[in-house]
Amino acid sequence: MEIIIQANAAVANGVAARLFAKAIRRNAGAVLGLATGGTPLALYRELIAMKLDWRKIVTFNLDEYVGLAPDHSQSYHYFMWENLFRHVNIAKKNVHIPDGLAKDIPKFCAKYEKQIHAAGGIDLQLLGIGTDGHIGFNEPTSSLASRTRIKTLTPQTRKDNARFFGSEAEVPHHCITMGIGTIMEARHCVMLAFGKNKARAIAETVEGPVTSMNPASALQLHPRVTVFLDEDSASELKLSDYYRWVYDNKPDWQKF
Ligand code: PGA
């Protein structure tokens, strides 16, 4: 894993935005895996401001709440259109987000996997991380080989996300999420994690054992992962001086 620690989230988002912009400019038809939540908002704002050409870009979102219609203000459909897609020239037909209202969920999930495969797989996958180490909505003890499926959210995740809904009672119990196995097939995974409340999950992800108790730790087995952190989320890493040294001494050809 490449660990990039920046002074604050704003600087880290700037570097992450350059990485995404480079991928989009290099491949006009790139397949992007996208994430929701508080973390990617600033990155999306940066990408919008860059006025990139999204016409041929194909996207797959990680997850969606079961039971929320696309126009529900807390659905991830709504989030993506509101915070990114309506501000760029993406083609609606190229946008894929799990359907929280799917009647036959297993059938929908199998179709989603097929669509990712048919698009040629995901080139660049954006990831946040839950305070419990979830990626997508793969909660602790998720199979590290899992595919897109229905999952039950943990009480912790429902608590963490209650801030968006107004009250915990309104947070759905179930979601559809890409599996860890699905995420692991992306060619390059980029994780963003900011703030003190992510420090433990990040230390376990990067330096702990690979364990389904911290699903993000599966990324240790992925050949290409870049993790963007601020000082707070990096605060529990044992080898932070080493990661800083590596980044400061990056050869020019590796720079973003
Ligand atoms: P957050 O969520 O960006 O709102 O902290 C991250 C996640 O749950 O993956």
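All of these numbers come straight from a predicted model, not from anything done at the bench. Residue numbers start at 1 and run along the sequence shown.
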Would you find more than 12 non-hydrogen atoms of other residues, nucleotides or ligands less than 6.0 Å from Phe164 atom CZ? yes

Heavy atoms, side chains only, cut-off 4.5 Å: are Leu229 and Leu237 in contact? yes

CG of Asp99 to NE2 of His77: how many Å apart, nearest 0.5 Å? 6.0 Å

In short, Thr39 meets Ala193 closest at the heavy-atom pair CG2-N, 4.4 Å

Tell me, do Met184 and Leu221 make a side-chain contact under 4.5 Å, heavy atoms counted? yes

Closest non-hydrogen atom pair between Gly133 and Ala201, with its separation: N-CB, 4.0 Å

Does some side-chain heavy atom of Thr205 sit less than 4.5 Å from a side-chain heavy atom of Met1? yes

Say you draw a straight line from OG1 of Thr177 to CG of Asn138; how long is it, rounded to the nearest 0.5 Å? 4.5 Å

Donor-acceptor under 3.5 Å (Lys198 side chain, Ile129 main chain): yes

Show your working on salt bridge (charged side-chain N to carboxylate O under 4.0 Å, His left out) between Glu2 and Lys250 and close with a plain yes or no. CA-CA 11 Å; Glu2 180 175 28; Lys250 239 168 141 46; 2.4 Å; yes

Rounded distance [0.5 Å steps], CG in Leu34 versus CG in Leu62: 8.0 Å

Measuring from Ile180:CD1 to Leu144:CG, what's the distance to the nearest 0.5 Å? 6.0 Å

According to a hydrophobic-cluster definition based on side-chain heavy atoms being under 4.5 Å apart (Ile, Leu, Val, Met, Phe, Trp, Tyr only), do Tyr243 and Trp245 belong together? yes

Look at the side chain of Glu46 and the backbone N and O of Ala17, then say whether any donor-acceptor pair between them is shorter than 3.5 Å. no

Without swapping roles, check the side chain of Gln220 against the backbone of Gly208 for a donor-acceptor pair under 3.5 Å. yes

Asp232 vs Ser235, side-chain hydrogen bond (donor to acceptor under 3.5 Å, both in side chains): CA-CA, chis, key distance, verdict: CA-CA 5 Å; Asp232 285 339; Ser235 60; 5.6 Å; no

With a 4.5 Å cut-off on side-chain heavy-atom distances among I, L, V, M, F, W and Y, is there a chain of contacts connecting Ile122 to Ile57? no

Hey, does the side chain of Gln125 reach the backbone of Ala186 with a donor-acceptor pair shorter than 3.5 angstrom? no

Treating Ser75 as the side-chain partner and Pro70 as the backbone partner, does any N or O pair qualify as donor plus acceptor under 3.5 Å? yes

Could you go step by step and tell me if Asp230 and Gln6 meet the side chain to side chain contact (heavy atoms under 4.5 Å, CB included) rule? CA-CA 5 Å; Asp230 62 2; Gln6 299 287 288; over 6 Å; no

Tightest non-hydrogen contact, residues Val31 and Gly121, listed as CB-O, 3.3 Å

Residue pairs involving residues 168-200 (criterion ring-ring contact (aromatic ring centres under 6.0 Å, His included); sequence neighbours excluded): none

Heavy-atom check, side chain of Val225 versus side chain of His222, under 4.5 Å: yes

Run the salt-bridge test on Arg200 and Glu207 with the 4.0 Å N-O cut-off and return the result as yes or no. no

Near Arg163 CZ, under 6.0 Å, is it more than 12 heavy atoms from other residues, nucleotides or ligands? yes

Val66 versus Ile150: any side-chain heavy-atom pair under 4.5 Å? yes

When you group the ILVMFWY residues by side-chain heavy-atom contacts below 4.5 Å and let the links chain together, are Ile48 and Val190 in the same group? yes

Does the pair Glu204 and Lys238 meet the rule for a salt bridge (charged side-chain N to carboxylate O under 4.0 Å, His left out), with working shown? CA-CA 11 Å; Glu204 287 174 356; Lys238 292 191 188 78; over 6 Å; no

Under the criterion side chain to side chain contact (heavy atoms under 4.5 Å, CB included), which of Val95, Leu32, Ile97 is the partner of Asn61? Ile97

hydrophobic_cluster_shared for Tyr76 and Leu126, side chain cutoff 4.5 Å: yes

Side-chain donor or acceptor of Thr154 paired with backbone N/O of Thr157 under 3.5 Å: yes

Would you kindly say whether Thr131 and Asn197 are connected by a side-chain donor-acceptor distance under 3.5 Å? no

Check: Phe137 ring centroid to Tyr65 ring centroid under 6.0 Å: yes

Closest approach of Gly37 to Pro40 (non-hydrogen atoms, all atoms of both residues): O-CD, 3.3 Å

What verdict does the side chain to side chain contact (heavy atoms under 4.5 Å, CB included) test give for Leu124 and Arg187, after you've listed the backbone C-alpha separation in whole Å, the side-chain angles of each residue and the deciding distance to 0.1 Å? CA-CA 6 Å; Leu124 189 55; Arg187 293 179 190 94; over 6 Å; no

Do any N or O atoms from the side chain of Asp123 and from the backbone of Ala23 form a donor-acceptor pair under 3.5 angstrom? no

Residues in ring-ring contact (aromatic ring centres under 6.0 Å, His included) with Phe85, at least two apart? Trp81

I'd like to check Leu127 versus Ile183 (side-chain heavy atoms, cut-off strictly below 4.5 Å). Are they in contact? yes

Output, in order, the C-alpha distance, side-chain angles, deciding distance and verdict of side chain to side chain contact (heavy atoms under 4.5 Å, CB included) for Ile105 and Ile176. CA-CA 8 Å; Ile105 291 178; Ile176 294 174; 4.0 Å; yes

Taking NZ, NE, NH1 and NH2 as the nitrogens, is one of them in Glu113 or Arg147 under 4.0 Å from a carboxylate oxygen of the other? yes

Consider only side-chain N and O atoms of Thr211 and Asn214, and report whether a donor and an acceptor are under 3.5 Å apart. no

CZ/Arg224 to CG/Leu219 distance, rounded to the nearest 0.5 angstrom? 14.0 Å

Pairs meeting criterion ring-ring contact (aromatic ring centres under 6.0 Å, His included) with involvement of residues 33-64, two or more places apart: Phe60-His96, Phe60-Tyr112

When you compare the side chain of Thr226 with that of Cys189, does any pair of heavy atoms fall below 4.5 Å? no

Using only atom types and a distance under 3.5 Å, with no angle test, would you say the side chain of Asp132 pairs donor to acceptor with the backbone of Pro140? no

Say whether Phe228 and Met191 are linked into one hydrophobic cluster, either directly or through other cluster members, by side-chain heavy-atom distances under 4.5 angstrom. no

Using the side chain to side chain contact (heavy atoms under 4.5 Å, CB included) rule, take Arg149 and Ser142 through it: C-alpha gap first, then chi angles, then the decisive distance, then the call. CA-CA 11 Å; Arg149 70 211 182 292; Ser142 286; 3.4 Å; yes

Where do Gly128 and Ala35 come nearest, in terms of heavy atoms and distance? N-CB, 4.3 Å

Does either side chain, that of Ser233 or that of Lys196, offer a donor lying less than 3.5 Å from an acceptor on the other one? no

Starting at CZ of Phe79, measure out to OG1 of Thr36 and round the result to the nearest 0.5 Å. 5.5 Å

Quick one, Val227 and Ile4 - any side-chain contact, counting heavy atoms below 4.5 Å? no

Please report the closest heavy-atom contact between Ala102 and Phe108, naming both atoms and the distance. CB-CB, 3.7 Å

For atom CE of Met50, decide whether the heavy atoms of other residues, nucleotides or ligands shown that lie under 6.0 angstrom number more than 12. yes

